[in-house]
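I have placed the structure first, in the form of structure tokens, so that the comments after it can refer back to it.
Order of appearance sets the numbers: ligands from 1, and atoms from 1 within every ligand.
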Amino acid sequence: MLAAVAARTSQDDPLSGLEMRRVDRPDAAALPPHWSVVDVRAASLNHHDLWSLRGVGLPDEALPMVLGCDAAGVTADGREVVVHAVVGATGHGVGPGERRSLLSERYPGTLAEQVAVPTWNLVPKPAELSFEEAACLPTAWLTAYRMLFTSARLAPGDRVLVQGAGGGVASAAVQLGAAAGLEVAVTSRDAGKRERALTMGAAVAVEPGARLPFRADAVLETVGAATWSHSVRSVRPGGTIVVAGATSGDPAPMELTRIFFTEISVLGATMGDKEDLEALLRMLVRTGVRPTVDTSVPLERAPDGFARLASGEQVGKVVVTVG
Ligand SMILES: NC(=O)c1ccc[n+]([C@@H]2O[C@H](COP(=O)([O-])OP(=O)(O)OC[C@H]3O[C@@H](n4cnc5c(N)ncnc54)[C@H](OP(=O)(O)O)[C@@H]3O)[C@@H](O)[C@H]2O)c1
């Protein structure tokens with residue numbers, strides 16, 4: 001079957017290690033007990049795939065590796081499913097001793113015609129969502145959901161700053177936050193993306209580092225070094241910064257004095273659990289909110305999708321369709 005594979009990794013030129021290859025289909029008879037094969041109908045790209053191609057979290061001995069964390073598809077018995085991308089956190093399908101991993105770290109990922117996962121990881125796809133929409137959810141949207149509602153515990157009327165409007169996580173946070181009645185502020189380096197964020201429900205959109213009209217109850221931080229200082233200055237005393245990424249690197253200095261003096265809580269978030277994913281699906285069905293898809297390409301053209309993601313010009317998700 002066709003797959004987008006990390007054949008090599010390169011810190012400086014991550015796309016140079018991306019290859020479209022024929023790989024073996026998962027052998028249902030050889031899978032561990034309680035695993036299923038899913039025919040992928042749509043997958044989506046994440047910054048995680050670029051980190052993998054840089055060798056972050058993907059050591060040489062794991063190569064070649066099928067990339068991709070996110071998928072929606074159909075099981076052998078005809079069920080339409082969304083794939084929860086976290087394997088090992090609960091022991092389902094792998095036993096209690098295995099460390100948590102995301103698809104494409106230890107097990108082959110979703111950018112292929114088929115993917116094998118623990119059956120427990122399959123969540124029913126609501127009929128209201130298309131495969132392309134559902135494929136946007138398991139990483140970026142799930143993380144944004146968890147940051148807003150599980151980690152920061154934001155309530156309607158609360159104020160939140162989302163750093164970096166255009167990204168997959170950030171655009172999800174803007175849309176989910178607005179749908180939940182939050183007052184959402186965003187930053188973006190790009191004026192066009194700031195405009196888009198306003199149409200997606202943000203109340204305020206400013207350049208990175210600019211003063212906000214309010215102090216935020218919480219800040220969602222995935223950009224890292226480029227925005228950290230602004231995050232610390234923008235949160236109210238006693239507020240929360242939730243960190244789920246550091247695209248521009250680890251910040252230095254950490255602004256520790258301001259953090260302790262104003263009693264800011266800094267929380268880490270990674271993905272979300274299956275219950276978060278099920279709640280996210282219910283929220284989209286009830287609210288009518290749908291992921292913003294920047295670009296959709298067929299699997300054969302996955303490298304074009306990767307180029308779009310690496311350009312940093314996208315607003316929302318890059319989707320890959322199969323079949
Ligand atoms: N912990 C987890 O479970 C988890 C889950 C998902 C993602 N992540 C991490 O979160 C980060 C974002 O992921 P994603 O998939 O949403 O990535 P993405 O779609 O590629 O978005 C990248 C974002 O970074 C911003 N950005 C990049 N470089 C910047 C810079 N130098 N200065 C300011 N902003 C910059 C962009 O904002 P503008 O262009 O609008 O300024 C954009 O919002 C990644 O590091 C990823 O690994 C972690």
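- Of the polar atoms of Gly166, at least one N or O is found under 3.5 Å from an N or O of ligand 1, judged by distance alone.
- Between Asp217 and Arg159 no salt bridge is recorded (no basic side-chain N to carboxylate O distance below 4.0 Å).
- Only the side chain of Ser248 comes within 4.0 Å of ligand 1, judged by heavy-atom distances.
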Under the side chain to side chain contact (heavy atoms under 4.5 Å, CB included) criterion, do Leu176 and Leu284 qualify, and how do the steps go? CA-CA 9 Å; Leu176 289 172; Leu284 296 200; 4.0 Å; yes
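- Residue Glu195 places its CD atom among 12 or fewer non-hydrogen atoms of other residues, nucleotides or ligands, all under 6.0 Å distant.
- In this structure, Glu207 does not pair ionically with Arg189, as no charged nitrogen and carboxylate oxygen lie closer than 4.0 Å.
- Note on Arg196 versus Asp190: no salt bridge recorded, every NZ/NE/NH1/NH2 to OD/OE distance being 4.0 Å or above.
- What sits closest to atom 37 (O) of ligand 1 on the protein, heavy atoms only, is Gly164 CA, 3.3 Å.
- For the atom pair CZ (Arg301) and CZ (Arg308), the distance works out to 12.0 Å, reported to the nearest 0.5 Å.
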Please evaluate residues Tyr107 and Val115 with respect to the criterion side chain to side chain contact (heavy atoms under 4.5 Å, CB included), reporting the C-alpha separation (whole Å), side-chain torsions for both, the decisive distance (0.1 Å), and the verdict. CA-CA 9 Å; Tyr107 300 104; Val115 64; over 6 Å; no
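- Under a 4.0 Å criterion applied to the non-hydrogen atoms of Ala244, ligand 1 contributes the atoms 1 (N), 2 (C), 4 (C), 8 (N), 9 (C), 10 (O), 48 (C).
- By the criterion of a heavy-atom distance under 4.0 Å, the side chain of Thr143, and not its backbone, is placed next to ligand 1.
- Under a 4.0 Å N-O distance rule, the pair Arg106/Glu98 qualifies as a salt bridge.
- Evaluated by nearest non-hydrogen atom to atom 12 (C) of ligand 1, the leading choice among Leu142, Thr247, Val56 is Thr247.
- Atom numbering of ligand 1 starts at 1 in the shown order; those under 4.0 Å from a heavy atom of Ala165 are 40 (O).
- Heavy-atom contacts of Ala226 reach the following atoms of ligand 1: 30 (C), 32 (N), 33 (C) (cutoff under 4.0 Å).
- At the top of the distance list for atom 10 (O) of ligand 1, counting protein heavy atoms only, stands Thr222 CB, 3.6 Å.
- Using a cut-off of 4.0 Å between Lys/Arg side-chain N and Asp/Glu carboxylate O, Asp294 and Lys317 are scored as not salt-bridged.
- Near Ser188, with a cut-off below 4.0 Å to any heavy atom, the atoms of ligand 1 are 38 (P), 40 (O), 41 (O).
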Step-by-step side chain to side chain contact (heavy atoms under 4.5 Å, CB included) determination, Phe149 to Asp276: CA-CA 9 Å; Phe149 306 122; Asp276 290 323; over 6 Å; no
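- Salt-bridge check for Glu132 with Arg41: failed, with every basic side-chain N at 4.0 Å or more from each acidic carboxylate O.
- Atom 17 (O) of ligand 1 has its closest protein heavy atom at His47 CB, 3.3 Å.
- At a 4.0 Å heavy-atom cut-off, ligand 1 touches Gln314 through the side chain alone.
- The Trp51 neighbourhood of ligand 1 comprises atoms 44 (C), 45 (O), 46 (C), 47 (O), with distances under 4.0 Å to a heavy atom of that residue.
- Taking only non-hydrogen atoms, the option from Arg146, Lys193, Met271 nearest to atom 3 (O) of ligand 1 is Met271.
- When heavy-atom distances to ligand 1 are checked against a 4.0 Å cut-off, Arg189 comes that close through both its backbone and its side chain.
- Between atom CG of residue Leu154 and atom CE of residue Met147 there is a gap of 10.5 Å, rounded to the nearest 0.5 Å.
- Close approach to Thr270 involves these atoms of ligand 1, each under 4.0 Å from a residue heavy atom: 1 (N), 2 (C), 3 (O).
- Distance check, rounded to the nearest 0.5 Å: OG1 of Thr295 to CG of Leu309 gives 9.5 Å.
- Heavy atoms of Val223 found under 4.0 angstrom from ligand 1 belong exclusively to the side chain.
- Contacts between Ala140 and ligand 1, counted as non-hydrogen atom pairs separated by less than 4.0 Å, are absent for every part of the residue.
- In the vicinity of Val169, heavy-atom distances shorter than 4.0 Å reach the ligand 1 atoms 6 (C), 7 (C), 16 (O).
- For atom 21 (O) of ligand 1, the nearest non-hydrogen atom from the set Gly167, Ser52, Gly57, Ala85 belongs to Gly167.
- The Gly245 neighbourhood of ligand 1 comprises atoms 9 (C), 10 (O), with distances under 4.0 Å to a heavy atom of that residue.
- Between Ala269 and ligand 1 there is a heavy-atom distance shorter than 4.0 Å.
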